[in-house]
Protein chains: 2
Amino acid sequence: MIADALTAEIVGGGYGPGMKLPTEAQLALRFAVNRHTVRRALASLSEAGMVTARQGAGVFVTTVPTEYPLGRRVRFHQNVLASGRTPSRRILRMETRPASVPEAEALGLDPGSLVHLVEGVSLADDLPVGLFRSVVPAARFPSFPEAMQRLGSITAALVEQSVADYTRASTRLTAKLADAVQAGQLQVPQGAPLLRSITVNQDVGGIPVEYGVTHFVGDRVTLTVIPE
Amino acid sequence: MIADALTAEIVGGGYGPGMKLPTEAQLALRFAVNRHTVRRALASLSEAGMVTARQGAGVFVTTVPTEYPLGRRVRFHQNVLASGRTPSRRILRMETRPASVPEAEALGLDPGSLVHLVEGVSLADDLPVGLFRSVVPAARFPSFPEAMQRLGSITAALVEQSVADYTRASTRLTAKLADAVQAGQLQVPQGAPLLRSITVNQDVGGIPVEYGVTHFVGDRVTLTVIPE
DNA sequence: CCTCATTTGTGCGTATGTATC
DNA sequence: AGATACATACGCACAAATGAG
């Protein structure tokens, strides 16, 4: 992907906020691609909040390291890279067990149906920024644990299980305080503010395929969005 | 804009979730534009969460009326339209007064500096969904009140004041309970759950230009995002 | 199982408009 | 005023995935 190369270019090229990138034509020459391709890549970065284009002037870097742009197309990986940090993920626990009441409700399952559970921590430069817990129906995704173990990504695992076309997440965002367990896993004091997002992913038919809860560390992550 | 026409097409054309849109080629013929133009419009809708494209298959409607997709490029107007409702906005109050402590801090102003304040309600089908309050430095934007009065949009007013290139918002999201005043303005019971977003917009140079607080009615708005 | 038409995804070349400097 | 640079659009071509026969 050219967007990734451009990201590396910005991060590794010593670009700081406010600096002007080479022109689209120059970038097209450098990467030996068409200007349209460069433009799509730049549009991707612009959407992620890394750059801002000004007609007649140029494309400028707008990355502010402490910000964590949040959007439909934004990937955690890309944003952490943009801030010059190294993203990683650590899986804490995987198990198959009967669904809890809210899980069964969210997934439209009968109470007691088996679900696969994955729990882990997202890190930036080995500093925990998020604690995720995700469950999928075991009946529909029998080989999910294996795929998850192998791919290390919930999204990738679901895609491989033939739900490449699942509907984008509907997420409820609320604020919570870290309990003792979360505090330990996220390396924050107990009572630290967390941003909790309760997520339901569903396929094209409207059938839920994944129920996830993620707690972000408020002090280490800022969610960004265009208001109104 | 073709995206708007397509939105109207989906809303007014009796499209429901899961239904397949005409092919890109057919849409290009219908609107008498190039396929690339149709693709951009579709990409816009895809980003707003209204449709999902599947290579080799087609583009499918994914709109769920009760959801409120939240993203960088997502416009409130478009989302409300997508759910088949009519968006509007009512300005409650405009005044110029000294900045409060958090406002001055967020905007990098000296305590007591004058700021322009705008307060209003966003509605969908005349039902309040959000209560916004926004302040901008009066020294930098002397004619903001006039522009705001005329244009009815904070974004448009700022754009006219030569900050077309302001950096995307960094927003902190927290949960709050509605107090008596908010309850009255939003037409919800006191103590109803609100999603509060504290926003700071800054220009390319990193200088804050707008500080905004918006309270969304949790029961009427759902924020959507791709997790991880 | 394989073939093949369909449809989206990606890329190239070109042209014109418009804001910036 | 003129050169530069991004914004928008058209037309063509091929790759990749899908789905029907």
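Letters A, B, ... mirror the listed sequences (proteins, then strands); counts begin at 1.
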* Looking at CG of A:Leu42 and OG1 of A:Thr37, how far apart are the two atoms once the value is rounded to the nearest 0.5 Å? -> 11.0 Å
* Starting at CG of B:Leu27 and ending at P of C:dT6, how long is that distance when rounded to a whole Å? -> 17 Å
* To do: Take atom CZ of A:Arg40 and atom P of C:dG13, then tell me their distance rounded to the nearest Å.
  => 14 Å
* Criterion salt bridge (Lys or Arg N to Asp or Glu O under 4.0 Å) on B:Arg97 and B:Glu103, from CA distance to verdict -> CA-CA 11 Å; B:Arg97 58 154 174 73; B:Glu103 288 166 0; 3.0 Å; yes
* Flag side-chain contact, heavy atom, 4.5 Å: A:Met94 against A:Met148 -> yes
* **base_contact_polar (C:dT14 base, A:His36 side chain, donor-acceptor, <3.5 Å)** => yes
* Under 4.0 Å between a side-chain N/O of A:Thr37 and OP1 or OP2 of C:dC12, yes or no? -> yes
* Asked: Going by heavy atoms in the side chains, are B:Val115 and B:Val136 under 4.5 Å from each other?
  -> no
* To do: Look up atom OG in A:Ser122 and atom CZ in A:Arg90, then write down how far apart they are to the nearest 0.5 Å.
  => 10.5 Å
* Asked: So, A:His116 side chain and A:Pro137 main chain: donor-acceptor pair closer than 3.5 Å or not?
  -> no
* To do: Take atom CG of B:Asn34 and atom P of C:dT16, then tell me their distance rounded to the nearest Å.
  => 16 Å
* **Sequence-aligned protein contact record of nucleotides 1-6 of chain D, with B where the base is within under 4.0 Å of a protein heavy atom and S where only the sugar-phosphate is** => ----BB
